[in-house]
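Numbering starts at 1 and runs along the sequence shown.
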Amino acid sequence: MALTGRAALLAALGSIPVGLLEPSWTGMLAVNGPIALACALDGALAAPVRGLVLARSGDTSVRLGEPADVHLTVTNPSSRKLRARVRDAWPPSSWLPGTETAASRHEVVVPAGERRRLTTRLLPTRRGDRQADRVTIRSYGPLGLWARQRSQAAPWTVRVLPPFTSRKHLPSRLARLRELDGRTSVLTRGEGTEFDSLRDYVPGDDTRSIDWRATARQNKVAVRTWRPERDRHILICLDTGRTSAGRVGDAPRLDSAMDAALLLAALATRAGDRVDLLAHDRRPRAQVQGRSAADTLPSFVNAMATLEPELVETDARTLVSTILRSAPRRSLVVLLTSLDAAPIEEGLLPVLPRLTQRHTVVLASVADPHVAAMTSSRGSVDAVYEAAAGTQTQSQRRRTSDQLTRHGVHVVDATPDTLAPALADAYLALKAAGRL
């Protein structure tokens with residue numbers, strides 16, 4: 001059927017496919033000729049979207065829970081003014097639920113031959129790499145009756161880093177570290193090998209620290225004080241197997257383990273020790289070795305950003321072999337894993353002697369605070385069963401912890417909020433005792 005002149009104009013503009021025009025449409029266009037003509041002219045005056053040039057800039061990394069600004073520059077090389085609505089698409093986890101629409105959509109006017117910059121503010125809810133999706137631009141005519149639309153890629157990646165919420169505990173642990181180093185008036189009775197000074201004997205001092213020659217010269221008992229050793233090697237191992245996927249509160253166990261590892265790394269580098277990282281389940285997932293003190297923490301954070309729990313059983317034998325290759329000399333090995341009986345008894349305990357005969361081993365585990373709350377449940381049959389289950393779980397964790405202790409392992413079992421400072425305290429205790 002022959003098209004009317006106005007319908008042919010609309011089809012030529014590409015707004016209505018010719019094959020889809022029906023007789024009813026042609027009749028409507030004939031009756032409403034002025035409206036159709038206005039729409040056609042409005043569409044013809046809309047700036048083309050095919051030739052638009054898009055460029056990205058802005059933040060490339062951000063800590064979880066903090067905002068990141070990504071800029072999109074739209075350049076209009078055509079001879080018409082661009083009046084457009086822009087949708088800057090990102091994965092859903094790039095924003096808080098319900099805020100995506102307002103954050104990702106922009107209105108912009110770009111005169112011919114000019115450019116404008118749009119800013120999309122992200123607030124990611126998960127760690128890892130957030131990659132930009134396509135940018136959709138809808139160009140309107142002066143009357144807003146007709147529009148052209150096109151989507152095109154504008155690649156950009158924002159790496160969402162672990163939040164490191166435990167850094168609030170760092171000042172207090174650094175103060176204790178300064179006490180150990182003798183930089184304050186408090187003296188300790190550590191057993192390190194670096195001689196510090198002499199002082200008078202006080203009841204309770206280790207008699208092995210008495211300096212008999214100085215005692216003979218001074219006619220009073222003098223003891224030696226020791227400065228904790230520096231330049232020790234610490235290897236932090238994150239278990240990324242299936243048990244790390246279990247959620248405690250609002251986050252997986254792996255996230256709490258990462259936070260504890262970051263606090264320990266920050267503290268140990270300030271103490272002059274060398275700190276390495278290994279993330280492992282059946283194979284190594286991330287490894288950081290040989291970094292300077294200034295670069296250790298940024299390297300840890302960057303390596304942890306993309307780690308996710310793997311739904312596989314951790315291979316303890318391969319893990320221990322990897323540790324022994326990564327730390328050939330005596331070191332402090334910190335295992336951040338679970339205290340579940342089956343993985344420990346069937347996986348770790350058979351190969352643990354290979355590790356403890358060469359290294360000092362600390363095992364840190366995330367405990368669920370809900371289990372402690374369950375043990376106090378009363379008032380109904382269901383509550384009593386819940387209390388029994390909680391008590392049985394706690395008893396099982398204590399038995400597993402005792403088994404590890406008998407093998408020479410120092411165990412830290414704490415809730416997500418207290419795991420990081422508890423692990424830092426265990427490190428300082430070993431430091432003060434000269435066990436590193």
Side-chain angles (χ1 to χ4, degrees), residues 52-75 84-110 115-138 151-171 238 247-263 265-266 277 279 286 288 294-309 416-417 419-420:
L52 295 177
V53 179
L54 305 181
R56 294 262 192 199
S57 61
D59 295 330
T60 56
S61 63
V62 64
R63 289 194 182 277
L64 182 64
E66 297 179 358
D69 290 335
V70 179
H71 309 300
L72 177 69
T73 302
V74 181
T75 302
R85 291 179 182 173
V86 179
R87 179 177 182 262
D88 190 2
W90 289 77
S93 59
S94 301
W95 293 282
L96 294 174
T99 64
E100 176 184 356
T101 301
S104 64
R105 286 163 172 76
H106 311 274
E107 294 192 6
V108 64
V109 176
V110 186
R115 62 188 177 195
R116 293 291 185 269
R117 190 174 75 171
L118 308 174
T119 299
T120 300
R121 171 156 288 190
L122 309 179
L123 189 60
T125 58
R126 291 180 57 189
R127 287 181 297 100
D129 289 340
R130 304 276 85 79
Q131 296 181 344
D133 203 342
R134 296 191 297 175
V135 175
T136 301
I137 300 178
R138 182 175 293 175
S151 297
Q152 67 182 82
W156 194 258
T157 300
V158 175
R159 174 156 289 188
V160 186
L161 307 173
F164 193 14
T165 55
S166 63
R167 61 176 175 265
K168 61 187 176 184
H169 300 289
L170 187 57
L238 291 173
R247 300 185 72 86
V248 178
D250 295 331
R253 283 187 168 91
L254 180 60
D255 286 25
S256 300
M258 287 181 182
D259 196 47
L262 290 175
L263 180 62
L277 174 69
V288 177
D295 193 41
T296 295
L297 201 59
S299 299
F300 272 39
V301 169
N302 193 56
M304 291 176 180
T306 57
L307 284 178
E308 295 293 342
D417 293 338
L419 179 65

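Counting heavy atoms of neighbouring residues, nucleotides and ligands inside a 6.0 Å radius, atom CZ of R138 does not exceed 12 of them. Annotation: R247, atom CZ; neighbour count of heavy atoms from other residues, nucleotides and ligands within 6.0 Å is above 12.
Residue pairs meeting the salt bridge (charged side-chain N to carboxylate O under 4.0 Å, His left out) criterion with at least one member in residues 59-70, sequence neighbours excluded, are D69-R121. A salt bridge (charged side-chain N to carboxylate O under 4.0 Å, His left out) check over residues 84-102, counting only residues at least two apart or in different chains, returns the pairs R56-D88, R85-E107, R87-E100.
A donor-acceptor contact under 3.5 angstrom links the side chains of T165 and D259, judged on distance only.
Taking the side chain as every heavy atom from C-beta outward, I137 and L54 approach each other to under 4.5 Å. Counting heavy atoms from C-beta on, the side chains of S256 and V248 never come closer than 4.5 Å. L72 places a side-chain heavy atom less than 4.5 Å from the side chain of V135. Under the 4.5 Å side-chain criterion, counting only non-hydrogen atoms from C-beta, L96 is in contact with T125. Put simply, the side chain of T306 reaches to within 4.5 Å of the side chain of R159, judged on heavy atoms. Side-chain contact between F164 and V301 is absent, with no heavy atoms from C-beta onward closer than 4.5 Å.
The two residues N302 and L161 have their closest heavy-atom pair at CA-CD2, 4.2 Å. Of all the heavy atoms in A305 and V160, the pair that sits closest is CB-O, 3.5 Å.
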Test log, rule side-chain contact (heavy atoms from CB on, under 4.5 Å), inputs V74 and R116: CA-CA 5 Å; V74 181; R116 293 291 185 269; 5.5 Å; no
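Every residue was checked against the salt bridge (Lys or Arg N to Asp or Glu O under 4.0 Å) condition with D133, not counting sequence neighbours, and none meets it.
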